[in-house]
Each structure stands twice: as C-alpha cells, then as structure tokens.
Amino acid sequence: MQRTVFQSNDPPFLWLDVTAPTPEELHALARRYDLHATAVLDCLDPEHLPKHEKFGDTSFLIFRVHDYAAPSSAGTVQELTRKIAIFSRPGLMLTLHRSDLPMVVTLRERFGGTALAAERTPQSLLAALVNAALDSYEKPLQRAEDALDEFETGLFRPEVRTPALERIHALKRTVGLMRRILWQTQNVLQHLSPAGEPTQPYLQDLKENAESYHFWSDQLYEGVANLLGMHVAMASHRTNEVMRVLTVFSAFFLPLTFVVGVYGMNFTHMPELERRWGYPAVLVVMAGICLAIFTWFRRRGWLGR
C-alpha cells in the first residue's frame with residue numbers, strides 16, 4: 001500500500017510511505033525513483049540489521065523498531081523488532097515497512113496535517129523517524145530494569161521466591177538483543193555525518209539519543225550478567241550451608257555410632273556388660289562425647305553463621 005503523506009513544490013519535497021510492498025511494487029519504485037538494485041534486495045530481506053549505504057545523492061538506511069506485540073519469549077531480532085527501510089535524497093523521502101508501525105502512523109498524522117511548514121523538511125522527518133525508532137526501546141528497557149530489580153530483591157529476601165535461571169537467562173537474551181541493535185543503530189548515525197565535516201544539530205541530537213539508550217541497555221546487560229553470577233554463587237552458598245549442617249550432625253553421631261557398634265558385637269566378656277550401672281554409664285559417656293564435640297565446635301566458631 002502506497003501513501004503520499006506530504007508533497008510540496010516550494011521547496012520540492014515528497015514523503016511516500018509504502019506498507020507491505022510486493023517484489024513487483026518494489027522493483028517498480030526502484031525504476032521510478034532510480035534506486036539501486038542492491039538496496040531494493042535489502043528491503044526484501046526481513047533479517048537485515050541497522051545499516052547505512054550511500055548511492056550517489058541517495059542515502060539508504062535500515063532501522064529496527066521494537067515490536068510491542070513481541071512475545072516475552074522472543075529470542076531473535078526478527079521476533080523482537082520490525083524493520084523499516086528509508087531512502088532519502090534531496091526532495092524525496094521513501095519509507096518501506098512490512099506492517100503498519102504505530103510510530104509511522106503517528107508521524108504520518110503529524111507531517112500530513114498538524115506539522116508546521118518549517119518541520120516539513122527531509123532533515124526533520126529523518127530525525128523524527130530515527131528518534132521514534134529509538135524511543136520504541138524505552139518501555140521494554142524500563143520493563144527489563146524493573147524485572148532486574150525484582151530478581152535482585154528475590155535473591156536476597158528469603159520470603160520472596162528466588163527467580164528461576166531460565167527467566168534470568170531469557171531477560172539477558174532480550175537485553176542483549178536490544179543492546180546489539182542499539183549499538184548498530186549508533187554506528188549508522190555515525191556514518192551519516194561524513195568525517196571532517198561539522199555535525200549538523202539534528203544529527204548530534206540523534207547521536208546523543210542513541211548513545212543514551214545504548215548506555216542504558218549496556219548497563220542492564222551487565223546487571224543481568226552479574227545477577228546470573230550471583231544466582232549461581234547463592235546456590236553454591238546454600239549447598240555449602242546444607243553440607244555444613246549435615247557435617248555437624250555426622251560429627252556428633254559418628255563417635256556415638258562407634259560406641260553403639262562396639263557394644264552391639266555381642267561378645268560374652270565385655271567391660272561393664274554384667275554391671276548394674278553399665279548401661280547408664282555408657283549413656284553418660286555418649287552424652288559426654290556430644291558435649292565435648294559441641295564445646296569444641298562452639299569454640300572454633302563452626303556452629304555460628
């Protein structure tokens with residue numbers, strides 16, 4: 001579906017938005033606007049990551065927009081995001097995407113009717129498109145940060161159930177994908193400003209926005225990675241606590257088992273076997289052994305936490 005969102009003659013500028021184009025429609029657009037064949041093929045590839053290419057006076061850009069309908073188990077770039085391709089040249093802005101993205105719908109309404117004349121420029125439109133693509137990661141990054149805080153709380157509070165490693169790993173994978181996309185988006189914006197030329201204000205704003213989102217995702221990724229390490233360390237610590245308790249019990253019962261084993265061998269001539277106070281005496285000896293072991297452990301600090 002092709003939409004002429006905005007068109008003016010002074011200065012000449014056309015924004016054509018295309019949704020779910022067929023290969024035939026793409027090739028027709030390529031012939032009509034003299035687009036490079038390689039770039040057209042890239043538009044057909046749903047797995048393309050953010051990129052920037054220059055063909056004469058035409059800039060070809062690909063960005064990935066976070067898909068709010070993506071499942072929480074999304075583990076690939078294609079499941080987590082949607083692609084938008086942009087052809088930009090003086091007087092022309094051509095946007096192509098497979099589904100009608102909410103951010104594009106908002107910008108169509110803005111530039112098609114409510115935008116000021118000064119805002120209807122290729123630079124303003126490109127800045128709005130890229131900023132909207134970047135801002136689509138704000139909510140998922142905030143959700144990831146909230147989930148990370150929740151997991152960390154559950155790790156150190158016994159009354160809160162500790163999160164499963166599978167959930168933490170899924171969060172790490174999602175944040176890692178967003179970090180990768182934002183890093184590549186940041187590189188695309190770096191290529192938009194040729195080396196040796198002063199950076200235009202709108203590009204500088206885009207770079208700062210991309211850097212802030214990438215820094216946020218990078219911090220979250222490190223936090224989730226640290227949480228995984230802490231989770232493993234805490235599991236090891238709990239195992240050591242259980243082994244310590246079992247070792248203490250074993251230390252108490254091992255000498256008692258030895259005494260009971262000796263007197264259970266049923267020999268005829270055994271010390272104190274025929275005496276009236278033999279049984280209580282053995283019990284007193286066993287209690288004394290337990291008290292001695294307890295006192296020793298207490299002095300060594302092995303019974304404390």
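A 4.5 Å side-chain heavy-atom check between Gln186 and Glu211 finds at least one atom pair inside the cut-off. For the pair Lys207 and Gln190, the minimum side-chain heavy-atom distance is below 4.5 Å. The side-chain heavy atoms of Asn209 and Asp135, taken from C-beta on, include a pair separated by under 4.5 Å. Residues Ser136 and Met103 form no side-chain contact, since every pair of their non-hydrogen atoms from C-beta on lies 4.5 Å or further apart. Side-chain contact between Ile62 and Leu49 is absent, with no heavy atoms from C-beta onward closer than 4.5 Å. Residues Tyr137 and Ile181 have side chains in contact (heavy-atom distance under 4.5 Å, counting atoms from C-beta outward). Using a 4.5 Å heavy-atom threshold, the side chains of Phe13 and Met93 count as touching.
Leu177 contributes atom CG, which lies 7.5 Å from atom OG1 of Thr76 (distance to the nearest 0.5 angstrom). How far CG of Asp146 is from CG of Leu141: 11.0 Å, rounded to the nearest 0.5 Å. With values rounded to the nearest 0.5 angstrom, Leu96 atom CG is found 9.5 Å from Ile86 atom CD1. Atom CG of Leu16 is separated from atom CG of Leu29 by 6.5 Å, given to the nearest 0.5 angstrom. Going from atom OG of Ser212 over to atom CG of Leu134 covers 8.0 Å, rounded to the nearest 0.5 Å. Interatomic distance, CG of Leu107 versus CG of Asp17, reported as 9.5 Å (0.5 Å rounding).
A chain of hydrophobic side-chain contacts below 4.5 Å, direct or via other Ile, Leu, Val, Met, Phe, Trp or Tyr residues, connects Val18 to Leu14. Residues Met286 and Ile293 fall within the same hydrophobic cluster, defined by Ile, Leu, Val, Met, Phe, Trp and Tyr side chains chained together at heavy-atom separations under 4.5 Å. Both Leu26 and Tyr33 belong to a common hydrophobic cluster when Ile, Leu, Val, Met, Phe, Trp and Tyr are linked at side-chain heavy-atom distances under 4.5 angstrom. In this structure, Val285 is a member of the same hydrophobic cluster as Phe294, with clusters built from ILVMFWY side-chain heavy atoms closer than 4.5 Å. Linking ILVMFWY side-chain heavy atoms closer than 4.5 Å, directly or via other members, places Leu227 and Tyr221 in a single hydrophobic cluster.
Considering only residues two or more places apart in sequence or on other chains, Arg64 meets the salt bridge (charged side-chain N to carboxylate O under 4.0 Å, His left out) condition with none of them. For the side-chain contact (heavy atoms from CB on, under 4.5 Å) test, residues two or more places apart in sequence or in another chain that qualify with Asp149 are Glu145, Glu152. Every residue meeting the side chain to side chain donor-acceptor pair (under 3.5 Å) condition with Thr58, not counting sequence neighbours, appears here in chain and number order: Arg89. Residues satisfying the salt bridge (charged side-chain N to carboxylate O under 4.0 Å, His left out) test with Asp100, not counting sequence neighbours, are Arg3, Arg108.
Taking every heavy atom of both residues into account, Pro50 and Val188 meet most closely at C-CG2, 3.7 Å. When all heavy atoms of Leu189 and Ala210 are compared, the closest pair comes out as CD1-CB, 3.6 Å. Of all heavy-atom pairs spanning Val175 and Ala144, the tightest one is CG2-CB, 3.8 Å. Closest approach of Ile84 and Thr95 over heavy atoms only: CD1-CB, 4.5 Å. Contact between Pro21 and His97 at its shortest, heavy atoms only, is CD-O, 3.9 Å. Contact between Trp216 and Glu138 at its shortest, heavy atoms only, is CH2-O, 3.7 Å.
For Lys139, the NZ atom counts as loosely surrounded, since its 6.0 Å shell holds 12 or fewer non-hydrogen atoms of other residues, nucleotides or ligands. Counting heavy atoms of neighbouring residues, nucleotides and ligands inside a 6.0 Å radius, atom OH of Tyr68 exceeds 12 of them.
The ring-ring contact (aromatic ring centres under 6.0 Å, His included) pairs that include a residue from residues 43-64 are His36-Phe55, Phe60-Phe87, where partners are two or more places apart or lie in different chains. Applying the salt bridge (Lys or Arg N to Asp or Glu O under 4.0 Å) test to residues at least two apart or on different chains, the pairs with a partner in residues 172-182 are Arg179-Asp218.
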What do the steps show when you test Leu61 against Val130 for side-chain contact (heavy atoms from CB on, under 4.5 Å), and what is the final call?
-> CA-CA 10 Å; Leu61 304 102; Val130 178; 5.9 Å; no
